[in-house]
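Counting begins at 1 with the first residue of the sequence.
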Amino acid sequence: MKAVGFTEFGGPEVLQVLELPAPEAGPGEVRIRVHAATVNAVDALQRSGPARSPDAQPPFVPGMEAAGVVDQMGTGTDTDLSVGDRVMAIVLADGSRGAYAEHVVVPAESVVRAPHGASHVQASSLPMNGLTARLALDTLGLEPGQTVAITGAAGAVGGYAVQLAKADGLRVVADASEQDEPLIKELGADVVLRRGAEFPDRVRAEVPEGVDGLLDGASLGALTARAVRDGCRVVTLRGYDAPGERDVIFEPIVVFRYVREHAKLDKLRQQVEDGLITLRVAKSLPAEQAAEAHRLLAAGGVRGRLVLTF
């Protein structure tokens with residue numbers, strides 16, 4: 001099968017088209033003929049060479065979410081899916097078993113039907129960041145009517161978080177640049193404030209008592225404690241967990257906790273079909289242009305997802 005990966009760590013230029021054996025679905029697994037795979041910040045981190053298991057051997061194939069068609073079922077796999085179904089999946093990239101490939105094998109719990117009417121490219125944009133947003137809101141544990149603040153609201157996780165928070169019945173205070181303000185309002189935020197280091201102070205001016213929880217998609221770190229009430233929680237996406245002032249709790253999350261949360265992934269599908277979640281694609285590129293996709297991601301300012309097609 002064709003895959004895109006790397007044999008040595010480095011910049012986008014190390015990504016190359018590879019010919020690898022197609023994986024076989026084992027018990028409890030589903031194999032997908034991939035038609036679209038998204039490009040994520042985690043993929044770039046893997047490519048640039050963070051610490052890995054000493055036993056890991058190249059080639060490495062990144063990619064954490066994919067959409068395509070079921071083409072093989074493992075023996076005894078318990079699923080309502082059938083060969084030929086259009087699906088989307090969250091992928092735990094491991095060695096050469098990432099989503100940047102014509103075939104990927106995933107646990108049955110990690111794959112659901114694609115939203116009706118969504119293209120492969122659109123469907124691929126939901127699983128990882130949608131589940132990350134879901135996990136963030138579940139971790140905050142707020143009740144309908146409470147207020148959540150979201151930084152990085154124009155990003156992939158932040159945009160889904162705004163829409164999911166509204167679907168949960170929360171009041172949403174979100175950040176945006178002047179250019180992104182119409183987008184964030186369209187996603188449903190109740191209050192949109194200018195992004196940046198002063199966002200927490202702007203939140204306090206709008207909500208004097210402080211919000212009930214905050215999702216820090218923009219990695220403002222300690223600054224976000226100013227925006228929340230005493231003893232409340234800030235969910236972080238890049239590991240920040242230092243003690244906060246006024247007993248504010250910083251809680252980092254990793255989407256791997258939800259990699260087998262089949263019901264939550266399928267609910268995301270349903271919410272797309274119900275018009276509660278908007279699938280946003282910035283650009284799709286042929287898999288052979290993966291290096292260019294990584295350069296675009298690194299340049300920043302991407303609104304919506306970058307997707308590789310196979």
J.: Under the salt bridge (Lys or Arg N to Asp or Glu O under 4.0 Å) rule, what do Asp247 and Arg233 come out as? Steps first, then yes or no, please.
T.: CA-CA 9 Å; Asp247 296 322; Arg233 186 175 276 110; over 6 Å; no

J.: Could you measure the distance from the CZ atom of Phe256 to the CG atom of Leu131? Nearest 0.5 Å is fine.
T.: 12.0 Å

J.: Is Arg33 salt-bridged to Asp71, going by a charged N under 4.0 Å from an acidic O?
T.: no

J.: Stepwise, does the salt bridge (Lys or Arg N to Asp or Glu O under 4.0 Å) test hold for Arg202 with Glu206?
T.: CA-CA 6 Å; Arg202 295 185 178 108; Glu206 181 72 28; over 6 Å; no

J.: With a 3.5 Å cut-off and no angle check, do the side chains of Glu65 and Thr38 form a donor-acceptor pair?
T.: yes

J.: Would you confirm whether Arg134, through its side chain, and Asn129, through its main-chain N or O, come within 3.5 Å as a donor-acceptor pair?
T.: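 Such a contact is absent between Arg134 side chain and Asn129 backbone.
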
J.: So Leu164 and Gln271, do their side chains get closer than 4.5 Å, heavy atoms only?
T.: yes

J.: Taking atom types as modelled, find out whether Glu251 and Thr236 have a side-chain donor-acceptor pair closer than 3.5 angstrom.
T.: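 Checked: Glu251/Thr236 side chains show no N/O donor-acceptor pair below 3.5 Å.
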
J.: Looking at Val192 and Ala189, what are the two nearest heavy atoms and their distance?
T.: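 Nearest pair, atom of Val192 first, then Ala189: CG2-CB, 3.9 Å.
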
J.: Counting distance only, does the side-chain N/O of Ser110 pair as donor-acceptor with the main-chain N or O of Val259 below 3.5 Å?
T.: yes

J.: Give the minimum heavy-atom separation between Ala287 and Phe310, together with the two atoms involved.
T.: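 Distance-wise, the nearest heavy atoms are CB-CE2, 3.4 Å.
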
J.: Is it true that a side-chain atom of Asp216 and a backbone atom of Gly221 form a donor plus acceptor pair closer than 3.5 Å?
T.: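 Yes; judged by distance alone, with no hydrogens or angles, the pair exists.
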
J.: Do Thr77 and Val30 have side chains that approach each other closer than 4.5 Å (heavy atoms only, starting at C-beta)?
T.: yes

J.: Tell me, with the steps shown, if His120 and Arg86 meet side chain to side chain contact (heavy atoms under 4.5 Å, CB included).
T.: CA-CA 8 Å; His120 292 307; Arg86 291 167 55 91; 3.2 Å; yes

J.: Taking the side chain as everything from C-beta on, heavy atoms only, tell me whether Ile32 gets closer than 4.5 Å to Val91.
T.: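 They are not in side-chain contact.
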
J.: Within the supplied structure, the quantity of interest is the number of heavy atoms (other residues, nucleotides, ligands) at a distance under 6.0 Å from Glu8 CD; does it exceed 12?
T.: no

J.: So that I can tick it off, tell me whether Arg194 and Asp175 are bridged by a salt bridge, with the cut-off set at under 4.0 angstrom between side-chain N and carboxylate O.
T.: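 Not counted as a salt bridge, because no side-chain N and carboxylate O are separated by less than 4.0 Å.
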
J.: Using a strict cut-off of less than 4.0 Å between a Lys/Arg side-chain nitrogen and an Asp/Glu carboxylate oxygen, indicate whether Lys2 and Glu288 qualify as a salt bridge.
T.: yes

J.: Using every non-hydrogen atom in the two residues, find where Thr139 and Ile253 come nearest and quote the distance to one decimal.
T.: OG1-CG2, 3.8 Å

J.: Ile90 versus Tyr258: any side-chain heavy-atom pair under 4.5 Å?
T.: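 No. Closest side-chain heavy atoms not under 4.5 Å.
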
J.: How long is the span from the CG atom in Leu170 to the CG atom in Leu137, to the nearest 0.5 Å?
T.: 6.5 Å

J.: Which atoms form the tightest heavy-atom contact between Val228 and Gly213, and what is the distance?
T.: CG1-C, 4.1 Å

J.: Minimum heavy-atom separation for Arg226 to Ala197, with atom names?
T.: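 So the minimum-distance heavy-atom pair works out to NH1-O, 4.3 Å.
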
J.: Answer whether the closest heavy-atom distance between the side chains of Thr7 and Val14 falls below 4.5 Å.
T.: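 With C-beta onward as the side chain, the pair stays apart.
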
J.: Are Met128 and Leu265 grouped together when hydrophobic residues (ILVMFWY) are joined by side-chain heavy atoms under 4.5 angstrom apart?
T.: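 Yes; Leu265 is reachable from Met128 via cluster members.
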
J.: With a cut-off of 6.0 Å (strictly less than), are more than 12 heavy atoms of other residues, nucleotides or ligands near NZ of Lys267?
T.: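 Not buried by this count: 12 neighbours or fewer within 6.0 Å.
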
J.: If you count every heavy atom of other residues, nucleotides or ligands that lies below 6.0 Å from Asp94 atom CG, does the total exceed 12?
T.: no

J.: Pair Arg195, Ser177 - check side chain to side chain donor-acceptor pair (under 3.5 Å), show working.
T.: CA-CA 6 Å; Arg195 62 178 293 188; Ser177 65; 5.1 Å; no

J.: Salt-bridged, Arg113 to Asp80, with N to O below 4.0 Å?
T.: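 Answer for the salt bridge query: yes.
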
J.: Hey, what do you get for CD (Glu109) to NZ (Lys264), rounding to the nearest 0.5 Å?
T.: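 If we round to the nearest 0.5 Å, Glu109:CD and Lys264:NZ are 15.0 Å apart.
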
J.: I'd like to know if the side chain of Gln72 reaches the main chain of Ala25, judged simply by a donor and an acceptor atom lying under 3.5 Å from each other, with no hydrogens or angles considered.
T.: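 Judged by distance alone, yes, a pair lies under 3.5 Å.
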
J.: Please determine whether the number of non-hydrogen atoms from other residues, nucleotides or ligands lying under 6.0 Å from atom CD of Glu186 exceeds 12.
T.: no

J.: On the 0 to 90° scale, with breaks at 30° and 60°, tag the Phe60-Phe9 ring pair as parallel, tilted or perpendicular.
T.: parallel

J.: Around atom CD of Glu178, are there more than 12 heavy atoms from other residues, nucleotides or ligands closer than 6.0 Å?
T.: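 Incorrect, the count does not exceed 12.
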
J.: Quick one: does any side-chain atom of Thr224 pair with a main-chain N or O of Leu220 as donor and acceptor, under 3.5 Å?
T.: no

J.: For the pair Thr151 (side chain) and Ala218 (backbone), establish whether a donor and an acceptor sit closer than 3.5 Å, ignoring hydrogens and angles.
T.: yes

J.: Does Arg269 come within less than 4.0 Å of Glu273, counting only side-chain N to carboxylate O?
T.: yes

J.: Distance check, rounded to the nearest 0.5 Å: Glu102 atom CD versus Met1 atom CE?
T.: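 Going from CD on Glu102 over to CE on Met1, the span is 8.0 Å.
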
J.: Compare all side-chain heavy atoms of Val4 with those of Leu18 and state whether any distance is below 4.5 angstrom.
T.: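 Contact flag for Val4/Leu18 side chains = no.
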
J.: Does Glu13 have more than 12 heavy atoms from other residues, nucleotides or ligands lying within 6.0 Å of its CD?
T.: yes

J.: Check Asp43 with Arg47, please: is the shortest side-chain N to carboxylate O separation under 4.0 Å?
T.: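 Result for this pair is no, no salt bridge flagged.
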
J.: Counting N and O atoms only, with roles assigned by atom type, does the side chain of Ser124 sit under 3.5 Å from a partner on the main chain of Ala66, one being a donor and the other an acceptor?
T.: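 Looks like no, no N/O pair under 3.5 Å.
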
J.: Would you say Val61 and Arg97 make side-chain contact, with heavy atoms under 4.5 Å?
T.: no

J.: Using a 4.5 Å cut-off on heavy atoms from C-beta on, say whether the side chain of Val173 contacts that of Leu193.
T.: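 Yes, at least one pair of side-chain atoms sits under 4.5 Å.
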
J.: Tell me whether Val104 shares a hydrophobic cluster with Tyr100, the cluster being built from Ile, Leu, Val, Met, Phe, Trp, Tyr side chains joined at under 4.5 Å.
T.: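 Result: yes, single cluster for both.
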
J.: If you count every heavy atom of other residues, nucleotides or ligands that lies below 6.0 Å from Asp201 atom CG, does the total exceed 12?
T.: yes

J.: So, the side chain of Asp85 versus the backbone of Ser82: is there a donor-acceptor pair under 3.5 Å, distance only?
T.: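 Answer holds: yes.
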
J.: Considering residues at least two apart in sequence or located in another chain, which fulfil the ring pair (Phe, Tyr, Trp, His ring centres under 6.0 Å) criterion with Tyr240?
T.: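 Tyr240 satisfies ring pair (Phe, Tyr, Trp, His ring centres under 6.0 Å) with Phe250 only.
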
J.: In terms of hydrophobic clustering (I, L, V, M, F, W, Y; side-chain heavy atoms under 4.5 Å; direct or indirect links), are Val272 and Leu81 co-clustered?
T.: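 They do not share one cluster, since no chain of ILVMFWY contacts under 4.5 Å joins Val272 to Leu81.
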
J.: Indicate whether any N or O donor in one side chain lies under 3.5 Å from an N or O acceptor in the other, for Asp266 and Gln270.
T.: no

J.: According to a hydrophobic-cluster definition based on side-chain heavy atoms being under 4.5 Å apart (Ile, Leu, Val, Met, Phe, Trp, Tyr only), do Leu183 and Leu276 belong together?
T.: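 No, separate clusters.
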
J.: Once you round to the nearest 0.5 Å, how far does OG1 of Thr309 lie from CD of Gln289?
T.: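 One gets 8.5 Å once the value is rounded to the nearest 0.5 Å.
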
J.: Taking Ser96 for the side chain and Pro59 for the main chain, is one N or O donor matched with an acceptor at less than 3.5 Å?
T.: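 No, the answer is negative, given that no donor and acceptor are paired below the 3.5 Å cut-off.
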
J.: Any chance you could measure Leu237, atom CG, to Thr132, atom OG1, to the nearest 0.5 Å?
T.: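 OG1 of Thr132 is found 7.0 Å from CG of Leu237.
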
J.: Ignoring hydrogens and angles, tell me if any N or O in the side chain of Arg303 forms a donor-acceptor pair with the backbone of Gly155 under 3.5 Å.
T.: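 It does not hold such a pair.
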
J.: How would you list, by chain and number, every residue that makes a side chain to side chain contact (heavy atoms under 4.5 Å, CB included) with Lys283, sequence neighbours excluded?
T.: Leu285, Leu296, Leu306

J.: State plainly whether one hydrophobic cluster holds both Tyr160 and Leu187, where clusters connect Ile, Leu, Val, Met, Phe, Trp and Tyr through side-chain heavy atoms under 4.5 angstrom apart.
T.: yes

J.: Give me the atom names and distance for the closest heavy-atom approach of Ala174 to Val162.
T.: CB-CG2, 4.3 Å

